[in-house]
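Below is one structure, written out as structure tokens; the observations come after it.
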Amino acid sequence: MSNKFIPHTEEDIRLMLDKIGVSNIDELYSDVPQEVIFKEEYDIPSAMSEIELRKHFEELGEKNKKLTVFAGGGAYDHYSPSVINHLLARSEFYTAYTPYQPEISQGTLQYIFEYQSIISELTGMEATNASMYDGATATAEAMFMMVASAKKKNRVLISSTVADRVIEVVKTYAKFHGVDLTIIPEAEGVTDLDAMNAELAKGDVAGVILPTPNKYGILEDLSGVADAIHAAKAYLAINADPSALAVIKTPAEWGADVACGDGQTLGMPLNFGGPYLGYISCAKGMLRKMPGRVVGATKDADGKRAFVLTLQAREQHIRREKATSNICSNQSLMTLYATIYVALMGKQGMKELNRLACDGAHYLYNKLIESGHFTPAYPGKPFLKEFVVKTDLDIKALNARLLEHGIMGGIDMGDGRLAFAVTEKRTKEEIDNLITLMLA
């Protein structure tokens, strides 16, 4: 056998090639450009003993720079309590998959139910599913839910103040699902509501996607927005930071029909971009348009509390062409992570971490403005833990200098704008050091 890790025999391969009408493996990949095919020997090291392997990985790990993070843009350096990883590593959690058999999956079903309850409480919505892959794809699924609910309309509006990477993912989903996506322009850092209303007046809008906080960290005032959208017989989805929802107005309070976003802010480490967690919640009327599954609580034959897979839209199996999205599994491990985190923090802890982040962000903001080298990018706009300032300094050189001192600086937003994020992890000493280095 040419590769001991591939179970197919030569006969298996021959039968498969004959079935698809291809003479050999090379012909199978004949449409792949030759210039992208690797033709050299793989640089695979020889076998190592355990102690050699541990030393090798330690050396590789030391190449990573551990930075003090002042960047945000959708991924934030929140504190991760050490007990979470100890609980996650338990074998009954770590190896768990979708609970197809409720009678032997009670533990998995329970923590998914608790996760759904937590997200529903944070968003104020009536129902939450058993998780999505990340915040960007969850927002795309919210788009599909609104189109499916609006029936004969397939145009969706999305604010340009939603995070850029989320918009790009939603664009891709829309393109290949026949959804007409329109970008609402911004005005002074927030959604241009006049432009939104002008689009709604055309009468062909299925739904609108708005953020809180937005990509600049601004808490947009969405008063009356839901009424205008519903009057146009359209739906409202709000992409929200779930951590911030402990202290700011919830999607339900704004009148949203769907809430979605990224659960990374619920204590998940930055970890080079993942794994993260997407969440999606909705009003009861849209429940059957929500992808994935819903776990519910009940009582067994002895009257004891039990958990079951309560709902999965039949379209997922019977009329798949009408399904919003055929998501059969959930990110079980990450839902457990979020559940443990919020349970550890509690309501008071969630409020406290937001207070610390808010205090730190406003302290940094005020100090930068006082320096004379920075001015408000969006004067008078309220923010929680992230903000944008304008500067006459060389942003590229500034961030390079910070990196030399072990600091990940703000995100260059273009046009002399620099975005900073401050979480509960950042101390006054770290903030003061950042300011000193920037003004040196």
Side-chain angles (χ1 to χ4, degrees), residues 84 87-88 90 92-145 148 173 237 239-240 242 245 251-252 257-268 274-298 305-318 320 323-343:
I84 298 178
L87 293 174
L88 285 180
R90 291 181 61 91
E92 63 267 40
F93 294 140
Y94 207 63
T95 61
Y97 190 57
T98 301
Y100 291 105
Q101 296 173 284
E103 65 276 12
I104 61 171
S105 305
Q106 285 299 291
T108 302
L109 286 167
Q110 181 175 357
Y111 74 67
I112 293 175
F113 176 81
E114 301 297 352
Y115 159 80
Q116 292 173 177
S117 302
I118 286 169
I119 299 299
S120 290
E121 188 167 351
L122 284 170
T123 61
M125 307 303 288
E126 294 175 292
T128 298
N129 78 350
S131 87
M132 309 296 289
Y133 300 119
D134 58 29
T137 54
T139 307
E141 296 293 347
M143 171 180 68
F144 293 155
M145 287 175 65
Y173 272 64
N239 179 292
L245 292 179
D257 303 287
V258 187
C260 56
D262 205 303
Q264 184 273 331
T265 56
L266 299 178
M268 294 172 197
Y276 294 163
L277 168 72
Y279 77 86
I280 193 163
S281 302
C282 68
K284 189 176 181 180
M286 299 186 76
L287 182 57
R288 290 189 176 274
K289 300 300 181 184
M290 187 160 60
R293 300 170 174 185
V294 175
V295 172
T298 184
R305 192 184 191 211
F307 301 90
V308 294
L309 283 171
T310 301
L311 179 67
Q312 180 177 217
R314 66 175 183 151
E315 284 82 7
Q316 303 292 346
H317 300 291
I318 301 170
R320 285 181 291 178
T324 50
S325 185
N326 192 24
I327 293 177
C328 292
S329 62
N330 66 81
Q331 279 194 284
S332 186
L333 198 64
M334 304 318 294
T335 61
L336 178 60
Y337 196 111
T339 303
I340 297 172
Y341 174 81
V342 178

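Just so you know, these numbers come straight off a predicted model, no measurement behind them.
Taking CE of Met132 as the reference point, atom CE of Met290 lies at 9.5 Å (rounded to 0.5 Å). In this structure, Lys284 NZ and Leu287 CG are separated by 8.5 Å, a value rounded to the nearest 0.5 Å. Here OG1 of Thr265 is found 7.5 Å from OH of Tyr341. Values are rounded to the nearest 0.5 Å. Of the inter-residue distances, the one linking Thr128 atom OG1 with Ile112 atom CD1 reads 12.5 Å to the nearest 0.5 angstrom. With rounding to the nearest 0.5 angstrom, the OG1 atom of Thr339 is 4.5 Å from the CD1 atom of Ile118. Taking OG1 of Thr335 as the reference point, atom CZ of Phe113 lies at 13.5 Å (rounded to 0.5 Å).
The shortest distance between side-chain heavy atoms of Tyr173 and Glu141 falls below 4.5 Å. Considering only heavy atoms from C-beta on, Ile119 comes within 4.5 Å of Leu266 through its side chain. Counting only heavy atoms from C-beta outward, the side chains of Met145 and Ile280 approach each other to under 4.5 Å.
Closest heavy-atom contact between Gly261 and Asn239: CA-ND2, 4.0 Å. Pairing each heavy atom of Pro242 with each of Gly263, the nearest pair is CG-CA, 3.9 Å. Smallest separation of non-hydrogen atoms from Val258 and Met125: N-CE, 3.9 Å. Leu245 approaches Thr123 most closely through the heavy-atom pair CD1-CG2, 3.9 Å. Nearest heavy atoms, Asp262 versus Gly135: OD2-N, 3.1 Å. Heavy atoms only, all atoms of each residue included: Gln116 and Ala130 are closest at OE1-N, 3.7 Å.
A distance-only check finds a donor-acceptor pair linking the side chain of Asn129 to the backbone of Pro291 [under 3.5 Å]. The backbone N or O of Phe307 sits nowhere less than 3.5 Å from a side-chain atom of Gln110 that would complete a donor-acceptor pair. Side chain of Tyr279 to main chain of Ser131: no donor-acceptor pair is present (N/O by atom type, distance under 3.5 Å, no hydrogens or angles). Panel note: side chain Tyr115, backbone Met334; no donor-acceptor pair is recorded below 3.5 Å.
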*asked:* Apply side-chain contact (heavy atoms from CB on, under 4.5 Å) to residues Val295 and Leu309 and explain how you reach the verdict.
replied: CA-CA 5 Å; Val295 172; Leu309 283 171; 3.8 Å; yes
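When only modelled atom types and interatomic distance are considered, Ser281 and Ser120 share no side-chain donor-acceptor pair under 3.5 Å.
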